[in-house]
Structures are given as structure tokens and as C-alpha cells.
Amino acid sequence: MVEPSPRVRFSPAPTGYLHVGGARTALFNWLFARHTGGTFLLRIEDTDLERSRPELTEAILDSLRWLGLDWDEPPVHQSDRVDLHLQAIERLLASGHAYRCDCSQDDVRERSRVRGGPPGYDGHCRDRDVRPGGDVVVRFRTPDEGRTTFDDVIRGEVSFDHAALEDFVVRRSSGAPMFVLANAVDDADMGITHVVRGEDLLNATPKVLLVRQALGLTGRPVFAHLPMLVNEQRQKLSKRRDDVAVGVYRDQGYLAEAMVNYLALLGWGPPDGVEIRPLEEIVELFRLEDVTRSPAFFDLDKLRHINGVYLRELSTSEFIGAAGRFLEQGPWAAGDFDFEAFERMAPLVQERAATLAEVPAMVDFLFLEEPVIDPTSWDKAMSEQAGAVLDAAVAAYERSPWTSDELMGALRSAGKDLGLNLRKAQAPVRVAITGRSVGPPLFESLEVLGRDRTLARLRAARSRL
RNA sequence: GGCCCCAUCGUCUAGUGGCCUAGGACACCACCCUCUCAAGGUGGAGACACGGGUUCGAAUCCCGUUGGGGCUGCCA
């Protein structure tokens, strides 16, 4: 028998922006689909109308597009399929696999308190034959005995005792179906063959399996529960607690390619250990069974490093294009931006930036009337001999041919006369020109800045000493 | 509390019983290169949570302990 082509889905709930944990889940689904020649689907899990915000769906799709995770069929919205879910619930009711319950949440809480045992529902309405009406939910009747066992691709055999499963709600009192029910019905209906999702849903799996069984749905998908992404406290990444929306990283100047490459490394690694590589190769190498089991920390340092590598691999024109939207937010007046000047500096900036957001600060001295002086840099550079250096620089630069080589040579010899090497001599000049002690190579910067502005800044700094 | 999952350098990982004196990457430190900063090069420090087994031999298998996490919702 031939294996059917895999069908997987990423199923975000539109209750927030796509965060890195969700992005990693989406990516692993996508990688698996692309590697196996399978189909990658999207399902918007919006069964909770009160929490779901439709506009967020578009934001999530936007982030997925940005990452390059393309889907193969139009996204499925669970809210469009309520009829299907409701029919399933009726069938469960008819077959006795589910029953109505009119206990309020306070009743449930109170009884478990009195009982003193574990919290949760106690099956109070199992045989009360509650009539349809007002505040009535439908609960699934979990078996009292037996176990549900399944083989997780990543974790091996996982087994749950039915006795520990309470009768969970499948239909709200509002009439809306709930996650486990909709999930089971839709996965079956959509022909999902592999369920690849976060480990936080591992406990939901026996419930889903039980519902499928009760519905007479034959076959079961293969499950793969990915390790969680955690914060410094080793807690599951949360959009509330942690600043992890994918869109934020885009705004902070990370490239989608770098982000995807890094995300692929969280819980998986290529067999040859080469971590930074083209997506096509990752697709080729990715195997679900190689995914690791333990939680992974989202390490910004490593993301930065990878982003820097990708930035440097760009052609100059690609880099310039990518930097565009960050340049628009530079601290200078819009009209003062000089594209050609930036173009000349671009290769030098590209070599040094770890994120695109760092670009403006490396070239702002070109487009501002006055450089923004960093006090620490100033104090460090403007030592006793600074005045002499600046004077010598002014004298030399009034006549020097205006090329970086000549400018460097001139300052080198001027420094020599003062007993300073170039390392020492360049410091006051750099701060006078750019306001900072670090930045792109100085003499190329001067070349682009031009003689007049260079001299003006040197003199201004001199008089400020 | 109950159930489930997890456990190798600070971090992400390699390792599937002998190739392990535990490898790589990020971060860190030193040096080199160098007009600053990066990048690059060289070197360094840094881990198998603990205790029992099994075995001639265990990071690798088993059990327990400890620790961490997840779930325990009319969220997903």
C-alpha cells in the first residue's frame, strides 16, 4: 500500500499576533510538507467568537507571508464550519457519547471543593437526562476504564489513563462548539494525516482521539508534539508576558530568511552541523523524527548573529533596498537624506550591521546638520592632545586631495608630528565628525561627507573643547 | 494535588552501548589583523542533574530521586 501524501495544517487562533512559537510550529509543518511533497494547510481556529478578532487573522497571514510560509489551499475558518461541528455533537448525543449538563461553573467548583479531591467536573449530570435549554452545555462522556495510547513521532509511545480524564465540554451554553470537538472533526474532514503542534497540546490528544472514536471516524493522524519555546524563566513563551510577535522582529530589522533559518534550529539541527544555510537545503534535510524533545530558549544573540550573516550575504543593492524602510525613520529631516551618499557608504555599513535597525545610526552624521555628540565618546576622545590633533587635521584637510587614502595619509602624518599613531589621532576626528567613537571607516566617511562639512565640524569641535 | 512531558557547556545542539580525553554553533575571554567598530583568523574557559542497577564496557538501556515545564477552562 502506498502512503498517502501527507496533509498537515497550522491552526492559529486569531486571539493575538503570530508569535515566534507559533511561527516555529508553522515552519515545522511547512518544512515537513515541503520535504515530503505533502500539502500545507491553514485552519483558523476561531470557535470562540468572544475572543477571536477577525482582523488578527489577516495579521497572522501577513506574518506567514513575510516568513515565506506559503499554504496550498485557501485557509479554512472553523467558524464557517459550525454546522458540521454541531451535527457531530448531535451524533454524540444520540449515541450516548455525550450528554447535557446544566451545572454552573460555580457548582462545579463548589462540589470539587467540598469533595476535597482534584478540581474539575465530577460527572454530576451524566445520567440526569438534562433537557435542552438555557444554560446547558454538552459534555463528552469519557470512558471510566482503559487507556488511550498513541505513538508520537517525537516522543514515542504516550499513554493516558481514561480515569484521569474528566467529562469535558464539547458545546458551550452559547451553542458554540469547542476546540477539541472542532479539532477532531476538522482534522478528519480535511484529511489531515500528521498533526504537528506544540507540546502544550499533548494532553488534548487523548480527548481528540476519544471524540474521533465516538464519532466512528476511522484511522488516526500521526502526532508529533514539538518542544515548547521558552523564555529565560524556562516558561512557555506567552504573547502576554513575552515580547515575541513576529512582526516586532521584522520592525527591528531582522530578515525573514534569517528568522526562518534560526527558527528551524530550535528543536532541530541539520545532521552535518551546518546551521546557517539556504532554506532549500533545510527543506531537503528536515525530518520530523529528528526533532528534539526538550524545550528551547529563544536566543536573541544567536538570531542577531545569523541575521548579520544574512545581511552580509546580500548584494549591495539588495541591502540598500532592505534598509529603505529603516532609513525612512532616520533622525534627520526627510529632505536631507542623500541617497547617493548612502549608496557610497552602504557596503561599509552592511559589513557592520547585525540588524537593519542599526543602519540609520551608522550614517546619520551624513544627513544631520550637526552630528549628535555622544558624551561618553566625546570625553574619551577629547583628551589633552585633541586640540592639537583637530588643528592639524584642519590644516591638512584644507589642502588634501579628497580621497579616503589621501585623507588617511594626511592624518597619519599629522599625528606622527604630534607623536601619535593613527589609532590615537583618528579618535578626536571621528567624534568631531560623527559624534561617536564607533562607526564605519572614518576616511571613507569623510570622503562622502565632503571637505566643507568636514572642516566645519572639525572647527566646531575645536571651539567646543 | 492529579495526569503528561522533559533533563549534555550560560544558550541551541551532536551523540542511538566501545570511535567521548564528550564534537559544533551563539555568547564570553585572550591574542592576531586593524583608523574605531564590526567581519575574519588562532587559542581558551565551559556540560553528560543525582543515586542505583543491566553490561566486560553507559552520556547512551532500566528503575528511582531531584529539578524544570505543560495540562488540569463554557481558551486554543
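Using a 4.0 Å heavy-atom criterion, one finds that A:R412 contacts the sugar-phosphate atoms exclusively. A:P206 comes within 4.0 angstrom of nothing in the nucleic acid, heavy atoms only. At a threshold of 4.0 angstrom between heavy atoms, the contacts of A:G267 are confined to the sugar-phosphate backbone, with no base atom among them. As judged by a 4.0 angstrom heavy-atom cut-off over every strand, A:T292 is placed among residues touching the sugar-phosphate backbone only. A:R430 comes within 4.0 angstrom of a nucleotide base, judged by non-hydrogen atoms across all strands. At a threshold of 4.0 angstrom between heavy atoms, the contacts of A:V429 with the nucleic acid are absent. Within the nucleic acid shown, A:R304 has no heavy atom closer than 4.0 Å to any nucleic acid atom.
A close approach under 4.0 Å does not occur between any side-chain nitrogen or oxygen of A:R293 and OP1 or OP2 of B:C5.
Taking atom C1' on both nucleotides, B:C56 is separated from B:G44 by 37 Å, rounded to a whole Å. When the P atom is compared between B:G51 and B:A39, the two are found 41 Å apart, to the nearest whole Å. B:U16 and B:A58 have their C1' atoms separated by 12 Å, with the value rounded to a whole Å. Nucleotides B:C35 and B:G23 are separated by 37 Å at their P atoms, to the nearest Å. One P atom belongs to B:C3, the other to B:G64, and the distance between them is 13 Å to the nearest Å. On the P atoms, B:C50 is 13 Å away from B:G10, given to the nearest whole Å. Nucleotides B:U54 and B:U60 are separated by 15 Å at their P atoms, to the nearest Å. The separation of B:U13 from B:C29, taken at their C1' atoms, amounts to 22 Å, rounded to a whole angstrom.
A:H225 pairs in a side chain to side chain donor-acceptor pair (under 3.5 Å) with only one of the listed residues (A:R197, A:R155, A:R293), which is A:R197. Residue A:F140 is tested with A:L92, A:L181, A:D167 for a side chain to side chain contact (heavy atoms under 4.5 Å, CB included); the sole match is A:L92. Exactly one residue among A:F32, A:F10, A:F223 makes a ring pair (Phe, Tyr, Trp, His ring centres under 6.0 Å) with A:H194. That residue is A:F32. The side chain to side chain contact (heavy atoms under 4.5 Å, CB included) with A:R43 is formed by just one residue from the set A:R81, A:H77, A:Q78; it is A:Q78.
When distances run from any side-chain atom of A:D299 to the nucleotides B:A39, B:G10, B:U36, the shortest one goes to B:G10. Taking the side chain of A:F160 as heavy atoms from C-beta on, and the options B:C4, B:C35, B:C12, the nearest nucleotide is B:C4.
In the model, A:T355 has no side-chain atom that pairs as donor or acceptor with a side-chain atom of A:N307 under 3.5 Å. Side-chain contact annotation: A:Y262 with A:D299, donor-acceptor N/O pair under 3.5 Å absent.
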Next item on the list: Report, as a single string ordered 5' to 3', how protein heavy atoms within less than 4.0 Å touch nucleotides 42-48 of chain B: B base, S sugar-phosphate only, - not at all.
Entry: -------
Next item on the list: Could you run through nucleotides 69-76 of chain B and give me one letter per nucleotide, 5' to 3': B if any protein heavy atom sits under 4.0 Å from the base, S if only the sugar-phosphate is that close, - if neither?
Entry: BBSSBBSB
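No donor-acceptor distance shorter than 3.5 angstrom exists from the side chain of A:Y397 to the backbone of A:T454, with no hydrogens or angles considered.
Judged by Watson-Crick or G-U wobble contacts below 3.5 Å, the nucleotide B:C56 has B:G18 as its partner. B:G51 and B:C63 make up a base pair, with Watson-Crick or G-U wobble contacts both under 3.5 Å. Using N1 to N3 plus N6-O4 or O6-N4 for Watson-Crick, or N1-O2 and O6-N3 for G-U wobble, each under 3.5 Å, B:C26 pairs with B:G10.
With sequence neighbours excluded, the residues that form a side-chain hydrogen bond (donor to acceptor under 3.5 Å, both in side chains) with A:R277 are A:D272, A:E281. The side-chain hydrogen bond (donor to acceptor under 3.5 Å, both in side chains) search around A:S104 returns A:D107, not counting sequence neighbours.
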Using atom names, set out every protein N or O paired with an N or O of nucleotides 19-25 of chain B below 3.5 Å, distance rounded to 0.1 Å.
from	atom 1	to	atom 2	distance (Å)
B:G24	N2	A:E275	OE2	3.1
B:A25	O2'	A:E275	OE1	2.8
B:A25	O2'	A:K302	NZ	3.4
B:A25	N3	A:K302	NZ	3.3

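The distance from atom CG of A:D364 to atom P of B:C37 is 19 Å, rounded to the nearest whole Å. Rounded to an integer number of Å, the gap from CG of A:L229 to P of B:U11 is 15 Å. Per the geometry, CZ belonging to A:R312 stands 13 Å off C1' belonging to B:C37, to the nearest Å.
For A:F319 and A:Y310, the gap between ring centers reaches or exceeds 6.0 Å. Annotation: A:W268 is not in aromatic contact with A:F28 [ring centroid separation under 6.0 Å not met].
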Would you mind writing out the side-chain donor-acceptor pairs for residues 410-420 of chain A within the sub-3.5 Å range, not counting sequence neighbours?
from	atom 1	to	atom 2	distance (Å)
A:S413	OG	A:G409	O	3.3
A:S413	OG	A:A410	O	3.2

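Of the two residues near RNA chain B, A:Q426 and A:P271, the one whose nearest nucleotide lies more 5' is A:P271. Taking for each of A:P441 and A:G269 the nucleotide of RNA chain B with the nearest heavy atom, the 5'-most of the two is the partner of A:G269.
Between the CD atom in A:E447 and the CG atom in A:L442 there is a gap of 11.5 Å [rounded to 0.5 Å].
Within the 4.5 Å cutoff, no side-chain heavy atoms of A:K239 are placed close to those of A:D242.
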